Amino acid sequence: RLRKWQERIRTKDAGERNLQFALSEIDRMASALGVPRSVREVASVIYRRALKEDLIRGRSIEGVATSALYAACRKEGIPRSLEEISEVSRVERKEIGRTYRYISQELGLEMKPVDPKKYVPRFCSELELSEEVQSKANEIIETTAEEGLLSGKSPTGYAAAAIYAASLLCNEKKTQREVADVAQVTEVTIRNRYQEQIEAMGIHG
Amino acid sequence: MTDPKETINIENVVASTGIGQELDLQSVAMDLEGADYDPEQFPGLVYRTQDPKSAALIFRSGKIVCTGAKSTDDVHESLRIVFDKLRELSIKVEDDPEIVVQNIVTSADLGRQLNLNAIAIGLGLENIEYEPEQFPGLVYRLDEPEVVALLFGSGKLVITGGKKPKDAEHAVDKITSRLEELGLLE
DNA sequence: ATATTACTTTACAAAGC
DNA sequence: GCTTTAAAAAGTAATAT
């Protein structure tokens, strides 16, 4: 009986240590990404829920912690791409993506697809583009998405193309490479989305 | 307007069967030309048929998986070839082994562009999976028939998980009517 | 700048790690 | 869970020309 009691303590301690590790990892990654404290709290809540629902069995603590942070960023309206998240995690992109889909489904997070406009302020800021460019990029995204151009396309590539187009239209040109680097997509993706958006907007590029 | 059902095309059929006899895959690999066998990598021996085109995975237990065929008839034809090849190696094969279709992959076209964002909300975020950062298709799981559909912005779709060709037709019907009642088939 | 090749997702069986 | 096999959808990416 004493043995059983000790075992429980040991298990409880291990569980506490694992939780502490997960939360400190969330904190570390959140800091590296520069997201506000509110996002870390949302991520912590998601992680605790995943723990309570026993979703971590068969998966790494780090993977679930990273996915919780990815989900939290989206929920808070300041998304980071899987590419960006994976740069501060020791879990690879593919694993983060599939773990995120799993906990999102199991916890019923009902995550809406990421709106490309959510990337505009941050990307434009990194490129030192004006408010005018941001507004123009948002307008391009809004208009072309309504025409159904967004279906199936990655939000970062879509935002990058709109920002590139807007920078040209506002005479604050950034090269495709510069925008591609910030958004972490290829120039080919920007070119492809840019052509479609320009055509849909009736602009002559 | 063309009935989307008319656009259904079977792309792949997966089936399993068995010859009711254990096999020495090492010797089969030696005698069967074109056979790929690397037990370190995978326990099954791979044998490809040209006409109909398919790949058979042959196991030590005598069980066989056939995949890549474009119809259930092709599955039977491919396996008939595999059975005969094994008989040529003087391996006893049951007269008419039972062949069970495990999965049928189908493609189809709804004929109009789809707004996946609107469909995701319309069908209910809890019923679908749509992560365009990871994959361009919207994943929609149906209960009846029990299949999984991948919907694309082009209006084309993939249906998989079905055991009979009719499953794809029923799935296309359900998806079409569901999108229509939601007013999402623009 | 474009073309090719390859990888992402779904389902499924098999035997073994 | 993974390994292997096949095939489609469309987007993205890496590499070649």
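In what follows, chains carry the letters A, B, and so on, assigned in the order in which the sequence lines appear, proteins first and then strands, with residues in each chain numbered from 1. Quick caveat: nothing in here was measured; it's all calculated off a predicted structure.
If you find the closest nucleotide of DNA chain D to Arg48(B) and to Gln184(A), the one lying nearer the 5' end belongs to Arg48(B). Judged by closest nucleotide on DNA chain C, Val14(B) is the one of Val14(B) and Gly44(B) placed further toward the 5' end.
Heavy atoms of Val185(A) sit under 4.0 angstrom from primed sugar atoms or phosphate atoms, though from no base atom. Contact annotation for Arg93(A): no contact, since no heavy-atom pair falls under 4.0 Å across all strands. At the heavy-atom level, Ser61(B) lies under 4.0 Å from the strands shown only through sugar-phosphate atoms. Counting any heavy atom pair closer than 4.0 Å across all strands shown, Ser54(B) reaches no nucleic acid atom.
Atom CG in Asn103(B) sits roughly 6 Å away from atom P in dC12(C) (whole-Å rounding). Here dA15(C) presents its C1' atom at 10 Å from NZ of Lys63(B), a figure rounded to the nearest Å. Regarding Leu79(B), its CG atom lies at a distance of 16 Å from the P atom of dA13(C), rounded to whole Å. In this structure, the CD atom of Glu40(B) is 19 Å from the P atom of dA15(C), given to the nearest Å.
Salt bridge present: Glu196(A) and Lys153(A) bring a charged side-chain N and a carboxylate O closer than 4.0 Å. Ionic pairing of Lys164(B) and Asp167(B) is not present here: no N-O contact between side-chain nitrogen and carboxylate oxygen is shorter than 4.0 angstrom. In this structure, Arg177(A) pairs ionically with Glu187(A), as a charged nitrogen and a carboxylate oxygen lie closer than 4.0 Å. A salt bridge is absent between Glu53(A) and Arg48(A); no separation between the charged side-chain nitrogens and carboxylate oxygens falls under 4.0 Å. A salt bridge links Arg122(A) with Glu84(A): the distance from a Lys NZ or Arg NE/NH1/NH2 to an Asp or Glu carboxylate oxygen falls below 4.0 Å. Between Arg101(A) and Glu129(B), at least one side-chain N (NZ, or NE/NH1/NH2) sits under 4.0 Å from a carboxylate O, which counts as a salt bridge. Note on Arg48(B) versus Asp36(B): salt bridge recorded, some NZ/NE/NH1/NH2 to OD/OE distance being below 4.0 Å.
Of the nucleotides present, none pairs with dC12(C) by Watson-Crick or G-U wobble criteria with both distances under 3.5 Å. dG11(D) is paired with dC7(C) under the criterion used here, namely a Watson-Crick or G-U wobble arrangement in which both key atom distances are under 3.5 Å.
Surrounding CD of Glu98(B) are at most 12 heavy atoms belonging to other residues, nucleotides or ligands under 6.0 Å away.
Counted by atom type alone, Tyr158(A) and Thr144(A) present one or more donor-acceptor pairs between their side chains at under 3.5 Å. Counted by atom type alone, Glu126(B) and Gln105(A) present zero donor-acceptor pairs between their side chains at under 3.5 Å.
Nucleotides dG1(D) and dT9(C) are separated by 13 Å at their P atoms, to the nearest Å. On the C1' atoms, dA8(D) is 25 Å away from dT2(C), given to the nearest whole Å. Here the separation of dA1(C) from dA9(D), taken at their P atoms, is 29 Å to the nearest Å. Taking atom P on both nucleotides, dA6(C) is separated from dT4(D) by 15 Å, rounded to a whole Å.
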Inset, instruction - Start with the C-alpha gap between Thr66(A) and Glu62(A), add the side-chain angles, then the distance that decides, and say whether side-chain contact (heavy atoms from CB on, under 4.5 Å) holds. - result: CA-CA 6 Å; Thr66(A) 308; Glu62(A) 174 88 10; 4.0 Å; yes
Legend entry - Tyr119(A)/Val114(A) under side-chain contact (heavy atoms from CB on, under 4.5 Å): CA gap, chis, key distance, verdict: CA-CA 9 Å; Tyr119(A) 284 113; Val114(A) 175; 3.7 Å; yes
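Where DNA chain D meets chain A (any atom under 4.0 Å from a heavy atom), the bounding nucleotides read 5' to 3' are dC2(D) to dA14(D).
Within residues 144-158 of chain A, the residues that place at least one heavy atom under 4.0 Å from DNA chain D are, in residue-number order, Gly152(A), Lys153(A), Ser154(A).
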What are the atom names and distances for every N/O pair under 3.5 Å that joins the protein to nucleotides 3-10 of chain C?
from   : atom 1 : to       : atom 2 : distance (Å)
dT8(C) : OP1    : Lys94(A) : NZ     : 2.9

